[in-house]
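What follows is one structure encoded as structure tokens, with my remarks underneath.
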Amino acid sequence: MTITKDISIEELIELVPESVNYLMKEGIRCVVCGEPIWGSLEEAAEEKGFNTADIQRFVNELEVIANKL
């Protein structure tokens, strides 16, 4: 599975349910934890102040999680 910075939060959570815990640990709350987020992974991360390098790290780490499924 390929994860990109442009994946919607909704699609990411649907495809990789474990991403909820990962995003929460990184400070990006999502649908399950009470602060609904719509838009892309990149948009959600930028709203929380993360930079391009951080976003690429999220993509890389989420791909590792997704490919363990």
Side-chain angles (χ1 to χ4, degrees):
M1 175 182 309
T2 300
I3 306 292
T4 69
K5 67 181 182 175
D6 299 316
I7 192 169
S8 73
I9 294 294
E10 184 177 26
E11 182 180 5
L12 176 62
I13 292 169
E14 184 177 312
L15 295 174
V16 187
E18 295 82 1
S19 64
V20 172
N21 288 331
Y22 174 83
L23 293 173
M24 210 163 61
K25 288 177 187 174
E26 292 293 340
I28 302 173
R29 289 187 164 76
C30 49
V31 178
V32 175
C33 31
E35 182 182 320
I37 293 179
W38 309 110
S40 70
L41 174 60
E42 179 179 41
E43 292 166 339
E46 286 176 341
E47 285 178 12
K48 297 296 183 179
F50 292 102
N51 63 33
T52 303
D54 293 325
I55 295 166
Q56 188 57 53
R57 178 176 56 84
F58 297 160
V59 168
N60 295 343
E61 292 176 357
L62 286 164
E63 277 197 330
V64 169
I65 293 167
N67 288 318
K68 286 183 179 180
L69 298 178

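Remember, predicted model here, so these are calculated numbers, not experimental data.
In this structure, L15 CG and E10 CD are separated by 10.5 Å, a value rounded to the nearest 0.5 Å. Taking CD1 from I9 and CG from L41, the interatomic distance works out to 5.0 Å, rounded to the nearest 0.5 Å.
Remark: K25 does not engage E61 in a salt bridge, criterion side-chain N to carboxylate O under 4.0 Å.
Residues satisfying the side-chain contact (heavy atoms from CB on, under 4.5 Å) criterion with T52, sequence neighbours excluded, are absent altogether. E43 is linked by a side-chain contact (heavy atoms from CB on, under 4.5 Å) to S40, counting only residues two or more places apart in sequence or in another chain. Taking N60 as the reference, Q56 meet the side-chain contact (heavy atoms from CB on, under 4.5 Å) condition, with sequence neighbours excluded. A search for side-chain contact (heavy atoms from CB on, under 4.5 Å) contacts involving V16 returns M1, I3, L12, E18, S19, I65, A66, L69, not counting sequence neighbours.
A ring pair (Phe, Tyr, Trp, His ring centres under 6.0 Å) check over residues 43-69, counting only residues at least two apart or in different chains, returns the pairs F50-F58.
Side-chain atoms of I7 and L62, non-hydrogen and from C-beta on, never get closer than 4.5 Å to each other.
Nearest heavy atom pair, residue I28 against residue K48, reads CG1-CG, 4.1 Å.
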